[in-house]
Amino acid sequence: MTVFLPPPDFLDSPRGRRFAAPPQQYRTDALPDEAAVVIVGGGLAAISVAGTLWHAGVRDFVIVDRAGRLGGQFLRRADILGQRVLRSPYDHHPGVEGYRDCELLDFARLQWSLLTDGERLQVRMAQAGHRSVVPMDVLEAYCDHVVAMHGLAARAWQGEVQQVSPNEDEVLVRTSLGDVRAATVVLCTGEEATPAPDDWWPGDATPTGVGYWCDPAEPAGGETVVVGAGLSGAHLVTNALAAGDRVHWIIREESERYQCADVNASFFRAEGRSRFHGTSWQDRLLMMRQHRRASVMFEFRPRLTAAEEQGRLTVHRGTTVTAVHGRADGGPSVELADGTTVTGERVLLALGTRPLIGSELLPTDVVRARDGWPDLEEVTLAYRSAPRVHALGAAACMALGPAARNIDGHRIGTSRIVPSILRQLDTPARLTEVAHV
Ligand SMILES: Cc1cc2nc3c(=O)[nH]c(=O)nc-3n(C[C@H](O)[C@H](O)[C@H](O)COP(=O)(O)OP(=O)(O)OC[C@H]3O[C@@H](n4cnc5c(N)ncnc54)[C@H](O)[C@@H]3O)c2cc1C
């Protein structure tokens with residue numbers, strides 16, 4: 001069998017370069033009382049949907065994000081992990097599809113003089129239709145470019161959305177900046193870290209020395225224990241090794257899974273989505289489990305293998321955590337199902353993410369959660385019992401397929417949501433301009 005082994009330095013793109021993209025300027029004044037569309041959350045999904053609304057002639061939209069910077073949560077999380085490149089290729093981007101906008105690959109080519117030789121090679125690979133690795137720096141500047149080109153920052157406010165109350169004619173959106181009445185709403189609230197199971201430790205307080213992948217953490221200077229077999233776990237392991245720590249890596253699976261993407265590529269294409277649509281709820285749950293499994297980019301393999309051979313990394317394969325204890329006389333300890341106890345100065349949990357499905361904002365009888373997923377209409381991604389409220393991003397996985405939480409999935413979702421919004425705003429003339437996938 002041929003093993004695909006790209007060099008690990010593809011992961012080491014520089015961060016903090018000054019690319020040719022205008023800085024974002026946000027609104028700090030009062031929110032308007034009314035808007036055609038309110039977009040809750042200002043992440044990569046919001047950038048996709050707002051840019052498409054702009055092209056469809058809808059400029060009366062309001063974006064409310066607690067972080068205050070469009071795309072900011074994603075970039076902040078990636079920086080906490082030290083993730084310097086995207087997992088998804090150049091053709092997955094948060095720009096607008098079908099309007100001859102500058103796309104991510106075009107944008108990277110414009111920054112040629114600032115790219116490293118390895119990054120230029122990746123651009124060439126993408127141009128030739130091969131798998132490519134995109135620097136986080138380039139994505140960040142591209143987001144700023146899309147935001148500036150579509151005037152999105154002028155419609156973005158920093159605030160917390162507290163409640164979304166739909167009725168037949170409009171939706172009342174309650175925020176920390178005041179209330180807005182909207183004809184239609186799109187929830188783009190993203191995902192949160194999956195918490196540890198209740199029985200890992202008593203009480204609600206996380207034991208001292210235990211943290212999640214999305215919390216900033218200083219190097220421990222000793223031994224680090226990482227739980228979780230996905231890309232975030234691999235970043236935490238690599239960072240701790242680079243800081244000189246000895247690392248225990250606990251993974252449930254019998255072996256690490258190395259693959260390019262975290263989702264089977266067919267789900268970004270029509271045939272994959274139709275395979276998903278044609279099945280029962282139970283089969284979809286099964287597909288979500290089968291096609292969204294923890295895995296790590298190929299580039300990590302040489303470094304992790306070398307660290308294990310040198311004895312700096314111990315991988316505990318095929319076992320699960322049964323308990324985590326804080327210790328008064330040192331760092332926390334982790335008990336495993338195979339009877340082993342592992343101790344370290346700190347324990348880092350990378351147990352995956354779970355979608356925010358609207359439960360914290362909408363009435364329960366609108367979300368109608370089933371197995372942790374909201375009840376969405378498949379063609380429009382609107383809540384079945386509140387057609388003026390749509391969900392984009394991870395929350396739409398059971399309607400759109402496993403790719404919904406990925407950058408390219410946001411564009412597929414956008415192409416369903418925007419026609420629905422235009423119908424609700426009664427602007428049919430523009431409908432034909434938006435591709436319906
Ligand atoms: C470390 C990491 C790496 C990833 N790498 C890739 C990759 O390479 N390629 C890929 O396709 N996908 C990747 N993903 C998946 C990725 O998260 C999504 O593609 C993308 O960030 C999701 O965009 P989003 O807008 O749905 O969520 P986010 O970008 O997380 O944005 C959600 C926003 O909603 C805001 N928000 C939520 N609730 C409220 C509220 N009540 N009021 C106000 N604001 C609110 C948050 O502040 C946040 O800014 C990665 C995920 C992680 C965690």
Side-chain angles (χ1 to χ4, degrees), residues 11 31 38-50 62-94 104 132-136 138-140 143 156-164 173-177 180 185-194 212-214 228 230-236 260-263 265 267-268 292 294-297 350-362 391-397 400 402-414:
L11 298 170
L31 270 178
V38 170
I39 301 171
V40 182
L44 304 186
I47 294 175
S48 267
V49 78
V62 162
I63 305 169
V64 185
D65 189 291
R66 62 166 79 95
R69 170 161 192 215
L70 296 182
Q73 172 159 284
F74 173 72
L75 294 164
R76 190 178 59 80
R77 286 177 168 175
D79 284 341
I80 287 172
L81 287 171
Q83 183 174 340
R84 302 289 191 81
V85 294
L86 286 180
R87 190 168 197 178
S88 46
Y90 267 105
D91 56 331
H92 292 193
H93 63 80
L104 183 59
S132 55
V133 172
V134 182
M136 199 58 73
V138 170
L139 177 85
E140 177 174 34
C143 286
W157 279 260
Q158 180 170 7
E160 174 86 22
V161 175
Q162 295 152 338
Q163 198 176 29
V164 175
V173 181
R174 189 142 278 166
T175 85
S176 55
L177 306 171
V180 193
V185 167
V186 188
L187 300 187
C188 299
T189 48
E191 298 177 75
E192 61 183 3
T194 305
Y212 286 90
W213 60 271
C214 50
L231 188 59
S232 300
H235 275 293
L236 296 172
C260 297
D262 54 351
V263 172
F267 290 107
F268 294 106
R292 278 224 73 102
S295 64
V296 177
M297 290 166 77
L351 310 175
T353 54
R354 63 180 186 190
L356 294 168
I357 60 170
S359 310
E360 65 292 356
L361 300 173
L362 287 161
L392 185 61
C397 275
L400 202 60
R405 84 175 269 262
N406 290 63
I407 295 171
D408 217 45
H410 307 332
R411 284 195 297 141
I412 298 162
T414 292

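Whatever order the structure lists ligands and atoms in, that order sets their numbers, starting from 1.
For ligand 1, the atoms sitting less than 4.0 Å from at least one non-hydrogen atom of A45 are 23 (O), 24 (P), 25 (O), 26 (O), numbered in the order shown with element in parentheses. Counting atoms of ligand 1 from 1 in the listed order, those under 4.0 Å from a heavy atom of V64 are 43 (C), 44 (N). Within ligand 1, counting atoms from 1 as listed, the ones closer than 4.0 Å to a heavy atom of L86 are 8 (O). Close approach of ligand 1 to E160 (heavy-atom distance below 4.0 Å) involves ligand atoms 41 (N), 42 (N).
For atom 37 (C) of ligand 1, the nearest non-hydrogen atom of the protein is T189 O, 3.5 Å. Looking only at heavy atoms of the protein, atom 4 (C) of ligand 1 is closest to F74 CE1, 3.3 Å. For atom 11 (O) of ligand 1, the nearest non-hydrogen atom of the protein is I407 N, 2.7 Å. Atom 8 (O) of ligand 1 has R87 N, 2.7 Å as its closest protein atom, hydrogens excluded (heavy atom only). At the top of the distance list for atom 20 (C) of ligand 1, counting protein heavy atoms only, stands H410 NE2, 3.6 Å. V161 N, 2.9 Å is the protein heavy atom nearest to atom 42 (N) of ligand 1. The protein heavy-atom contact nearest to atom 47 (O) of ligand 1 is D65 OD1, 3.2 Å. The protein heavy atom nearest to atom 27 (O) of ligand 1 is G190 CA, 3.4 Å.
Here the side chains of H235 and S232 are not in contact, with every heavy-atom distance at 4.5 Å or above. Looking at V173 and V185, their side chains come closer than 4.5 Å, going by heavy atoms from C-beta outward. The shortest side-chain heavy-atom distance between P402 and C397 does not fall under the 4.5 Å cut-off. Between E192 and L356 the shortest side-chain heavy-atom distance falls below 4.5 Å. Between L362 and L187, the closest side-chain pair of non-hydrogen atoms falls below 4.5 Å. Side-chain atoms of V62 and W157, non-hydrogen and from C-beta on, do get closer than 4.5 Å to each other. Contact check for M297 versus L231: side-chain heavy atoms found under the 4.5 Å cut-off. A heavy-atom distance below 4.5 Å is not found between the side chains of H410 and V49.
Only the side chain of W213 comes within contact range of ligand 1, with a heavy atom under 4.0 Å; no backbone atom does. Under 4.0 Å from ligand 1, the heavy atoms of L81 that appear belong solely to its side chain. Proximity of H92 to ligand 1, defined as any heavy-atom pair under 4.0 Å, is not found for any part of the residue. Counting heavy atoms closer than 4.0 Å to ligand 1, residue Q83 contributes side-chain atoms (C-beta onward) but none from N, CA, C or O.
Side-chain contact check for S295 and R87: at least one donor-acceptor pair (N or O, by modelled atom type) lies under 3.5 Å. Side-chain contact, E191 with T353: a donor N or O sits under 3.5 Å from an acceptor N or O.
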Problem - CA sep, side-chain torsions, deciding dist, call: V161, R174, side-chain contact (heavy atoms from CB on, under 4.5 Å) - result: CA-CA 6 Å; V161 175; R174 189 142 278 166; over 6 Å; no
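Closest heavy-atom approach to atom 36 (N) of ligand 1 among the candidates R69, R66, R76: R66. Of the options G230, A261, G43, the smallest heavy-atom separation from atom 31 (O) of ligand 1 is shown by G43. Taking each of A46, S88, A193, S232 in turn, the one with a heavy atom nearest to atom 9 (N) of ligand 1 proves to be S88.
Not a single heavy atom of T353 sits less than 4.0 Å from an atom of ligand 1. Distances shorter than 4.0 angstrom occur between a heavy atom of C188 and an atom of ligand 1. Look at R405 and you'll find a heavy atom under 4.0 Å from some atom of ligand 1. By the 4.0 Å heavy-atom criterion, Q162 is excluded from the residues contacting ligand 1. Residue contacts with ligand 1 include G159, since one of its heavy atoms falls under 4.0 Å from the ligand.
Backbone and side-chain nitrogen or oxygen atoms of L361 are examined, and none is located within less than 3.5 angstrom of a nitrogen or oxygen of ligand 1. Checked against a 3.5 angstrom limit, the closest N/O atoms of D408 and ligand 1 fall outside it. Taking distance alone, with nitrogen or oxygen atoms compared against 3.5 Å, R77 stays at or beyond that limit from ligand 1.
Between R69 and E140, at least one side-chain N (NZ, or NE/NH1/NH2) sits under 4.0 Å from a carboxylate O, which counts as a salt bridge. Ion pair R84/D79 not flagged as a salt bridge, since none of the NZ, NE, NH1 or NH2 atoms sits closer than 4.0 Å to an Asp/Glu carboxylate oxygen. Under a 4.0 Å N-O distance rule, the pair R411/D408 qualifies as a salt bridge.
Between N406 atom CG and F267 atom CZ the span is 12.0 Å, to the nearest 0.5 Å.
For the residue pair V134 and S88, the shortest heavy atom distance occurs at CG2-O, 3.7 Å.
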